[in-house]
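The structure displayed is predicted, hence computed values, not measured ones. Order of the sequence lines fixes the chain letters, A, B, ..., with proteins taken first and strands second; residue numbering starts at 1 for each chain.
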Amino acid sequence: MQKKINNLNQEVFDFFQPINKWPETYSDNLSSVGGTLWHNIYGMDIETEGLNPYDNRFRIISVATSPKPYYSFGSYTLNGFTDDFEFNLFKGLVENPDNILVGHNIKYDINWIRIKFGIDVKCMLFDTMFAQYLIDENIESNSLAELTKMFPDLKGYKDDVNRDDLKRMAKDDVLIYNCKDADASRRLYDYFVPKLKTGGYSGLMTTASMVLPILSKMETRGVYLDKEYANKTQSKLFKEMVQLRYDMVEVAKVSFDPDSYKSLGNVLYNKMGFTATKFTPSGTASTDSEAIGYLVDQAISEQQSQFIDKILDYKKKLKLITTYYQPIERWTRYDGRVHTNYSLGKQRNEESSGGTVTGRLSSNNPNLQNIPRGKEHRGMFRASEGFILLDGDFSQLELRVAAYLSQEPVMMDAFNNGLDIHTAVMADLTKVPYDELVAKLKDDNHKDYETLKNDRVAIKRINFGILYGVQAKRLQRLLRIELGISYDLDYCKELINQWLNKYGKIREWINAQKIQAVANGYVAMPLGQRRRLPQASFDKTKEAAHALAQATNFPVQSLASWICLIGLIILDNYFEEHKDKIDGHIVMQVHDSVTSEIKLLNPNIFTDNSFIHISNQMQLEDIQEDVSKIMEQDTLQYIRDVFGVNINVPLVFETKISERWS
DNA sequence: CTCATAGGCGCG
DNA sequence: AAAGCGCGCCTATGAG
């Protein structure tokens, strides 16, 4: 374990402590304000020529660091640092694991530094925007301009400067502006730290500060996309779409545009005589897949039902082409790789958007968290030359978290005994012994095989649905979409009721969450994050209902998400620790899954006093085992150490090795 | 022409 | 159909 992780045991969060280790004094000239570097906390900000650091046309204009409030130092770097002293000072600052760099949306700045200066970033990153998010995720704007309004001397300094101006502004003006930004973030640090402490957010802030550099590494490394692989799937899809288009017009007997929902609605509901059963919020007949799927029941001929199938097939393929295949050219950067941007914490301002209210990451430019499942699509993402992918995901993480949060004994038993949770719930509800059910679900000759399979899907649906606050009506609809079976509404009600009776602690927990949301106006999860829900009430309004659903879902999604983020920290640390044996890099994260690319290094052979040492080469299986242990156990140990929270439900993290993502 | 909104759908 | 949670991003559409 690296020092920075171990240290958390003693003093989880002492960003206050000054360290006397930078005696250098900056000279006092136009581009710097005198001051002695004596803290290990630096405000930081950069100005750039554009927004996209992966674009070769854009350079870093200037860099500013603030060693303490009201002091900052700027370097005009448009054509590189003016001297080695400045560069090395800056490099030393960023590469020192004892340092904390403070900035507003600081990962953005750090990415530029990594890409343009080739500096590795080893310090922690304190993001003032994230700090503000922990304190209030609902705030209308968390821009730097907004937050600095609290400092009278900085009021309005950003008002008349926009990005385009920076390229034309005089050097000194840029530097002053840049220095003010750095100073502002350094001051915000002092403003936020006590607030974070009293709010109980210290552990999460520290964790986030360790996650951000890892996200930066993941993003700047990027992931290799095999365009030839994608092209094959794309042209296959394209051919099929042309054929489908032709077939559909043939049946409809009238030319129409399936890409246009208006035209499609007109054909279905006016020309072909179908009756709409689903409507959009504005009251027009819906043309989404669900609505069209229902029309099968109304089909009066084989041709009509085939038309339904074809339009659904076409819509599916259209989505794949337009959202995933055509944009590929835009996704890949000059290095031929895909660099997403992960956001931690909801960003609400003009300059950046993204993030989530729960603590999950979001991914954009491009979004790598909604790539269609299946090797045919995901397979376009593959390991770099000489590497292989190590892909893993948590099994039923959110259900395990729900079991923990409610301390539901029956469900905890199932997890403790390593049962398949969906089958276990089914066994509980149908009172058929678990082992017997497993056997029946395996035996496709069994007379009840189909029914049982369907029932398991229904159970699975409830298991997830409960966490989201599903009602009988919605469950009925979902089962109809998923299984094509129309269950009786009362049966669905009964199913949900039975479920909640069987797992009574979960029912109690759900009710408690709702009551807390209404009573306090917020709910909290065990690591301290809160979800403020001012709309929460027992009124029969949709806003109130939404708030209550969030009250039950938030702790589950949030805790699950932090477990995974902590996993990133420890996994990255593991690769760092074993870099003599493994060249390993995390490349992607999708909520409960982590993908890395790894390369086994040759055995390290060296001589010492005429002895020959050969360090053991690791095997892939060893690494898989280590990674599973990290995600299943080390994450929970971290949570015990840092948060004093004991998650007493076992986690399962399954890994696989492959060449391509799947 | 640009811009915001609506409808829709991919993922966990 | 904000009575199922959390996202990002596509095109069509219509207003200005």
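Residue A/His591 has no polar side-chain atom (N or O) positioned under 4.0 Å from OP1 or OP2 of C/dC7. Close to C/dG6, at under 4.0 Å from its OP1 or OP2, lies a side-chain N or O of A/Gln550. For the pair A/Lys262 and C/dT11, the criterion of a side-chain N or O lying under 4.0 Å from OP1 or OP2 is not met. Between A/Arg330 and C/dC9 there is no side-chain N or O to OP1 or OP2 distance below 4.0 Å. Within the 4.0 Å cut-off from OP1 or OP2 of C/dC7, not a single side-chain nitrogen or oxygen of A/Thr358 is found. An OP1 or OP2 oxygen of C/dA2 is reached within less than 4.0 angstrom by no side-chain nitrogen or oxygen of A/Thr541. Here A/Lys316 reaches the OP1 or OP2 of B/dG10: one of its side-chain N or O atoms lies under 4.0 Å away. Look at A/Lys346 and you'll find a side-chain N or O under 4.0 angstrom from OP1 or OP2 of C/dC7. Contact annotation: A/Ser282 side-chain N/O to B/dA6 OP1/OP2 distance is not under 4.0 Å.
You'll find a donor-acceptor pair under 3.5 Å spanning the side chain of A/Arg360 and the base of B/dG12, going by distance alone. Judged by distance alone with a 3.5 Å cut-off, a donor-acceptor contact links the side chain of A/Lys319 to the base of B/dC9. Below the 3.5 angstrom threshold, one finds a donor paired with an acceptor across the side chain of A/Asn370 and the base of B/dG10.
Both A/Gly355 and A/Val470 sit near DNA chain C, but only A/Val470 has its closest nucleotide nearer the 5' end. Place A/Thr277 and A/Gln557 on DNA chain C by their nearest nucleotides, and A/Thr277 ends up nearer the 5' end.
A ring-centre distance under 6.0 Å is not found for A/Phe274 and A/Tyr269.
For the pairing with A/Ser593, the side chain to side chain contact (heavy atoms under 4.5 Å, CB included) check across A/Leu397, A/Asp393, A/Thr655 returns one residue only, A/Asp393. Results of the side chain to side chain contact (heavy atoms under 4.5 Å, CB included) test with A/Arg532 over A/Asn138, A/Val357, A/Ile139 single out A/Asn138 as the only residue that passes.
Atom NE2 of A/His377 is separated from atom P of B/dG12 by 13 Å (rounded to the nearest Å). Spacing between atom NZ of A/Lys317 and atom P of B/dC9 amounts to 15 Å, rounded to whole angstrom units. Between the P atom of B/dG10 and the CG atom of A/Asp288 lies a distance of 10 Å, rounded to the nearest Å. Between the C1' atom of B/dC9 and the CG atom of A/Asp259 lies a distance of 14 Å, rounded to the nearest Å. Rounded to whole Å, atom P of C/dT11 lies 7 Å from atom CD of A/Gln326. The CG-P distance, from A/Leu368 to C/dC9, rounds to 10 Å in whole Å. Atom OH of A/Tyr468 is separated from atom P of C/dC5 by 10 Å (rounded to the nearest Å). In this structure, CG of A/Asp592 is placed 14 Å from C1' of C/dC5, rounded to the nearest angstrom.
A/Lys473 comes within 4.0 angstrom of nothing in the nucleic acid, heavy atoms only. Among the atoms of the strands shown, only primed sugar atoms or phosphate atoms (P, OP1, OP2) are found under 4.0 Å from some heavy atom of A/Arg378. Using a 4.0 Å heavy-atom distance criterion, A/Arg477 is classed as a base contact.
Using C1' as the reference atom, C/dA3 and B/dA4 are 28 Å apart when rounded to the nearest Å.
Proximity of A/Ile462 to A/Leu475: side-chain heavy atoms (C-beta onward) are separated by under 4.5 Å at one or more points.
The side chain of A/Thr356 lies closest to C/dG6 when the candidates are C/dA12, C/dG6, C/dC9. For A/Ser362, whose side chain is taken as the heavy atoms from C-beta onward, the closest listed nucleotide among B/dG7, C/dC7, C/dA2 is C/dC7. The nucleotide whose nearest atom lies closest to any side-chain atom of A/Thr323 is, among B/dG12, B/dG10, C/dC10, C/dC10.
Taking the six-membered ring where tryptophan is involved, the planes of A/Phe130 and A/Tyr133 are tilted, since the angle between them lies from 30° to 60°.
Taken to the nearest 0.5 Å, the NZ atom of A/Lys217 stands 8.5 Å off from the NE2 atom of A/His585.
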